[in-house]
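Structure first, commentary second.
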Amino acid sequence: MAEAMNTNEINTLKVIAETLNQSHELRPMLQSVLEKLLEITKLQTGWIFLVDEEPIYHFVADCHLPPALAIDNKRPMCENSCWCLDKYWDGRLNSAVNIINCKRIEDAIECNWGDTGGLTHHATVPIAAGGEKFGVLNIGSPGKVHFEENELNLLQSVALQIGTAIKRTKLYGEQQERANTLEQLDDFGRYVWKIQNVNDFPEKVVKKIAGLFHWSQVAFMIKEEKAMTLHTTFTNGAVKKIKKRFSLGIVEELRNKSLDDEELIQDLEKEGFIDDCTIAVSLTMGEEILGALIVCNERKPDSYKECDKKTLKAIADYVALAVQNAVLNEKSRELALAEERNRLARDLHDSVNQKLFSLSLTAKGLKAFAPKENEIMQESLDEIQNISQEVLQEMRALIWQLRPAGLEEGIGATLEKYGKSLGIQVDVKISSCCHMPRVIEEALWRIGQEALNNISKHAKTDKAELTLEYVDDTISMKIRDYGEGFQYDENVFGRYSLGLTSMRERTCMLGGKWEIDSRPGCGTELSVKFNLKGDSLDGKTASKERGGDAF
């Protein structure tokens with residue numbers, strides 16, 4: 001009889017093992033093995049809980065539940081605790097045992113939820129393998145109030161097989177997750193490497209991270225001087241620019257869950273970030289910190305797997321490298337543009353400029369040999385000489401624009417020299433000094449050039465005032481003349497004046513403010529403002545390319 005029983009047990013375990021090996025999907029596998037177990041043992045009802053830390057559990061499989069327990073989409077099985085789970089959590093459930101009666105069935109009877117099908121008791125078996133516990137297997141039949149020792153031993157062996165299969169499935173899932181993560185990282189790396197404009201980084205990076213890795217909130221912080229700026233967030237499917245500055249220690253506080261900056265906590269919570277569910281990592285290149293990434297997935301901090309943190313660190317490394325690459329590409333393009341301007345300036349100076357000078361000298365020489373009485377010839381030669389002199393002066397100004405010299409001395413000194421080359425005396429007034437990004441410095445230089453050109457050509461005056469000041473993180477430049485002036489109409493001049501249009505477009509492109517005030521007989525005043533902490537920088541400071549003193 002004992003041999004027959006052993007043979008039955010072996011056959012049962014063999015069938016269970018074959019069933020468990022048919023799938024890598026956890027819930028379908030548990031459902032199949034539960035059905036097969038009841039079929040072999042001739043028992044009627046069973047269910048499986050997968051259990052986390054108290055009081056969290058998941059009802060994952062069931063077979064032939066009585067109506068009282070299946071009511072309301074099996075609500076009695078998914079709510080509240082019971083005696084078998086209590087024993088599991090307090091460490092008393094270490095092997096297969098008889099549960100004297102079932103609390104869930106007692107609750108069903110007491111609340112009159114329906115027919116219990118004669119089920120009153122069940123056996124409870126912990127599902128475990130390799131020292132790791134996963135959940136609970138419950139088996140019962142109507143009228144069965146006790147399980148023999150050999151039945152409990154068989155159930156214990158089955159539970160061990162189930163535990164081993166769960167562990168195998170989890171390992172397989174982790175491997176699949178790692179493979180997927182590596183594929184996503186590869187996709188992300190190729191994507192960010194194609195971003196050539198530093199300005200586009202925050203918005204594109206947060207959107208791509210959220211889309212690829214399914215983190216519900218993502219934030220991008222940029223280091224600016226001695227502060228960390230919360231720059232861009234992605235939450236609820238939308239990108240939002242924040243532009244708020246905080247201390248450099250913010251990232252470390254977020255990482256250690258020791259954030260005490262109430263303003264940042266409020267800002268993050270406003271954007272959907274939950275402090276307890278947030279992880280952060282710095283963007284670094286060598287010893288230099290470029291910024292930080294913050295992600296939130298609306299989960300408890302201990303539910304973040306180690307691979308989540310490793311993934312975020314890998315993402316941060318990709319972003320830091322891509323930022324550096326974009327900065328270098330931008331610098332390379334700017335150097336190429338400067339070199340092309342220098343080449344064009346040299347060519348104009350060596351060819352057109354020299355020929356214009358020769359034309360002027362030739363006209364002057366011919367005038368000396370031309371008959372004095374031939375007034376038409378004398379006037380024509382005078383006109384040729386005057387026009388060639390004007391064109392020569394304009395050509396020199398153009399060469400100066402293409403290849404500015406002395407910009408390192410500051411905007412004020414450089415524009416003063418440029419005005420002198422146009423025959424304009426520029427009175428420079430500077431109220432304060434600061435360091436400014438190179439992109440702002442060049443914009444002020446080009447706008448100032450065009451303004452002085454307009455004064456030279458149209459204002460009929462040889463004097464101008466240049467005012468530069470730095471107040472509350474804002475750089476402003478005003479250029480005023482007291483010449484003829486004009487009636488400014490944005491619709492008219494915006495359409496026909498290339499100079500005014502280019503100045504306005506250059507200002508607006510960097511997030512600045514551009515104004516012009518002019519009236520006939522009252523002269524003209526041009527005003528340009530850039531806020532160094534606002535959209536005018538928008539990622540440019542990441543390049544660390546600073547000009548000299550601004551003024």
TODO: Before giving the answer on side chain to side chain contact (heavy atoms under 4.5 Å, CB included), spell out for Leu185 and Leu212 the whole-Å C-alpha distance, their side-chain angles and the decisive distance to 0.1 Å.
DONE: CA-CA 9 Å; Leu185 285 173; Leu212 267 181; over 6 Å; no
Open item on the list: Donor-acceptor pair, distance only, cut-off 3.5 Å: does the side chain of Gln217 make one with the backbone of Thr235?
Closed with: no
Open item on the list: Counting C-beta onward and ignoring hydrogens, is there a side-chain heavy-atom pair between Leu290 and Lys223 closer than 4.5 Å?
Closed with: no
Task: Interatomic spacing from CZ in Phe530 to CD1 in Ile440 - rounded to 0.5 Å - done: 5.0 Å
Open item on the list: Could you tell me if the side chain of Glu450 sits less than 4.5 Å from the side chain of Ile447, heavy atoms only?
Closed with: no
Task: Nearest heavy-atom neighbours spanning Ser456 and Leu422 - done: OG-O, 3.9 Å
TODO: Please step through side chain to side chain contact (heavy atoms under 4.5 Å, CB included) for the pair Trp445 and Tyr418, ending with a clear verdict.
DONE: CA-CA 10 Å; Trp445 157 243; Tyr418 182 66; 4.3 Å; yes
Open item on the list: Quick check on Ile376: does its CD1 atom have over 12 non-hydrogen neighbours (other residues, nucleotides or ligands) under 6.0 Å away?
Closed with: no
TODO: I would like to know whether Phe188 and Lys208 meet side chain to side chain contact (heavy atoms under 4.5 Å, CB included); could you show each step before the answer?
DONE: CA-CA 7 Å; Phe188 180 78; Lys208 189 67 174 179; 3.7 Å; yes
Task: Shortest non-hydrogen contact between Cys522 and Arg480, atoms and distance - done: O-NH2, 3.2 Å
TODO: For the pair Asp472 (side chain) and Thr474 (backbone), establish whether a donor and an acceptor sit closer than 3.5 Å, ignoring hydrogens and angles.
DONE: no
Open item on the list: If you compare all heavy atoms of Asp462 against all heavy atoms of Gly423, which two are closest, and at what distance to 0.1 Å?
Closed with: CB-O, 3.5 Å
Task: Rounded distance [0.5 Å steps], CD1 in Ile315 versus NZ in Lys310 - done: 14.5 Å
Open item on the list: For the CD atom on Glu183, are there more than 12 heavy atoms of other groups (residues, nucleotides or ligands in this structure) within a distance under 6.0 Å?
Closed with: no
- [ ] Sort and list the pairs that fulfil side-chain hydrogen bond (donor to acceptor under 3.5 Å, both in side chains) and have at least one residue in residues 511-524, not counting sequence neighbours.
- [x] Ser518-Thr524
TODO: Answer yes or no: is there a side-chain heavy-atom contact under 4.5 Å between Ile222 and Pro202?
DONE: yes
TODO: Give a yes or no on whether Lys529 atom NZ has more than 12 heavy-atom contacts from other residues, nucleotides or ligands under 6.0 Å away.
DONE: no
Open item on the list: Is any side-chain heavy atom of Glu383 closer than 4.5 Å to one of Ile387?
Closed with: yes
Task: Between CG on residue Leu466 and CG on residue Leu526, distance to nearest 0.5 Å - done: 10.5 Å
TODO: Please report the closest heavy-atom contact between Ile455 and Ala464, naming both atoms and the distance.
DONE: CD1-CB, 3.9 Å
Open item on the list: Quick one, Ile411 and Glu441 - any side-chain contact, counting heavy atoms below 4.5 Å?
Closed with: yes
Open item on the list: Rounded at 0.5 Å granularity, tell me how far CG in Leu444 sits from CD1 in Ile475.
Closed with: 6.5 Å
- [ ] Any chance you could measure Tyr191, atom OH, to Lys204, atom NZ, to the nearest 0.5 Å?
- [x] 5.0 Å
- [ ] To the nearest 0.5 angstrom, please state how far the CG atom of Leu321 sits from the OG1 atom of Thr284.
- [x] 9.0 Å
- [ ] Could you please spell out the steps behind the side-chain hydrogen bond (donor to acceptor under 3.5 Å, both in side chains) verdict for Arg446 and Gln449?
- [x] CA-CA 5 Å; Arg446 296 298 178 188; Gln449 275 186 316; 3.1 Å; yes
Open item on the list: Tell me whether Thr507 contacts the main-chain N or O of Met503 through its side chain, where contact means a donor paired with an acceptor under 3.5 Å.
Closed with: yes
TODO: Ignoring hydrogens and angles, tell me if any N or O in the side chain of Asp186 forms a donor-acceptor pair with the backbone of Leu182 under 3.5 Å.
DONE: no
Task: Among Val239, Ile294, Thr233, Val205, the one residue meeting side chain to side chain contact (heavy atoms under 4.5 Å, CB included) with Phe220 - done: Val205
TODO: Kindly give the heavy-atom pair with the smallest separation between Leu452 and Ile424, and that separation in Å.
DONE: O-CD1, 3.5 Å
Task: Side-chain ion pair, Glu484 and Lys460, N-O less than 4.0 Å - done: yes
Open item on the list: Do Ile430 and Val428 make a side-chain contact, defined as non-hydrogen atoms from C-beta onward lying under 4.5 Å apart?
Closed with: yes
Open item on the list: Are the side chains of Met477 and Leu415 in contact, using a 4.5 Å heavy-atom criterion?
Closed with: yes
Task: Heavy-atom closest contact (Val218 atom, Val206 atom, distance) - done: CG1-CG1, 3.9 Å
Task: Heavy-atom side-chain contact between Leu50 and Leu26 under 4.5 Å - done: yes
Open item on the list: Test side chain to side chain contact (heavy atoms under 4.5 Å, CB included) on Gln425 and Lys420; report intermediate values, then the result.
Closed with: CA-CA 6 Å; Gln425 180 182 340; Lys420 192 176 294 184; over 6 Å; no
- [ ] Could you check whether the rings of Phe213 and Trp215 sit parallel, tilted or perpendicular, using 30° and 60° as the cut-offs?
- [x] parallel
